[in-house]
Amino acid sequence: MAVKQRRVVIITMMVFGLILMGVGLFFLDLGLEDADKAASVVGAITGIAGLGLSTVSFLLARPGASSAAQRVDNVESGATIDVIDGVAGDARLGDHPPTVTPRPGERPATPSHPRGEQSVTNTKATGAIRIVRGVDGDLDINS
């Protein structure tokens with residue numbers, strides 16, 4: 001876990017801890033009968049809010065709902081790194097600079113491949129790293 005994420009988690013836990021302490025003191029001040037009624041209302045509201053949040057996170061986590069990111073992070077390589085996606089035509093990779101040749105007379109097609117994240121993280125490589133998807137034509141790789 002990154003340092004920034006760790007800080008966010010710690011601050012979030014502290015905020016929720018303070019909220020729970022405040023609610024506990026509030027219930028203690030109310031008395032048993034009124035605290036039971038208030039806890040029922042708070043529980044119902046929390047349950048409805050949790051259902052809404054879980055529905056939203058489910059819809060956002062669907063395959064294809066996120067951007068079609070391809071990532072290469074923290075990679076040390078002495079070779080070329082090619083990241084190719086959504087090519088409507090032919091592509092050539094290898095010892096020469098990458099080139100993309102569109103097919104004559106054709107409109108760029110919408111990618112027919114599934115959208116989603118591909119990632120290479122914390123990797124040391126001695127050879128080429130190629131992340132290729134969504135080429136609606138011929139792909140030439142000359143090593």
Side-chain angles (χ1 to χ4, degrees), residues 1-95 97-103 106-143:
M1 187 180 304
V3 174
K4 186 176 180 180
Q5 289 175 332
R6 215 175 270 147
R7 286 183 186 153
V8 169
V9 168
I10 290 172
I11 290 171
T12 304
M13 289 173 54
M14 289 174 61
V15 167
F16 278 112
L18 290 173
I19 290 172
L20 286 175
M21 284 177 42
V23 169
L25 291 174
F26 174 72
F27 285 159
L28 185 63
D29 188 46
L30 281 180
L32 186 59
E33 185 74 25
D34 292 332
D36 183 42
K37 293 176 184 176
S40 296
V41 172
V42 170
I45 292 172
T46 303
I48 292 170
L51 179 63
L53 287 174
S54 66
T55 303
V56 167
S57 71
F58 173 74
L59 293 176
L60 292 178
R62 288 183 313 176
S66 64
S67 64
Q70 291 180 305
R71 297 187 175 129
V72 179
D73 297 324
N74 301 323
V75 175
E76 296 179 20
S77 175
T80 303
I81 298 173
D82 300 319
V83 179
I84 307 293
D85 187 18
V87 176
D90 301 332
R92 185 187 324 169
L93 308 173
D95 296 334
T99 59
V100 175
T101 308
R103 294 183 178 168
E106 289 187 17
R107 291 188 342 221
T110 57
S112 59
H113 61 281
R115 313 286 281 171
E117 182 175 327
Q118 292 178 305
S119 182
V120 177
T121 56
N122 299 325
T123 303
K124 293 183 181 182
T126 57
I129 297 173
R130 303 185 192 279
I131 300 176
V132 179
R133 88 172 156 199
V135 178
D136 293 332
D138 295 331
L139 175 63
D140 256 350
I141 300 177
N142 299 324
S143 299

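Numbers for residues simply follow the sequence, beginning at 1.
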In Å, rounded to the nearest 0.5 Å, how long is the span from CD1 of I45 to OG of S40?
11.0 Å
Quick one: closest heavy-atom pair of T55 and L51, and the distance?
OG1-O, 2.8 Å
For V15, what residues pass the side-chain contact (heavy atoms from CB on, under 4.5 Å) criterion, not counting sequence neighbours?
I11, I19
For F27, which of D29, L30, L25 qualifies under side chain to side chain contact (heavy atoms under 4.5 Å, CB included)?
L30
Run the side-chain contact (heavy atoms from CB on, under 4.5 Å) test against T46 and tell me which residues pass, sequence neighbours left out.
V42
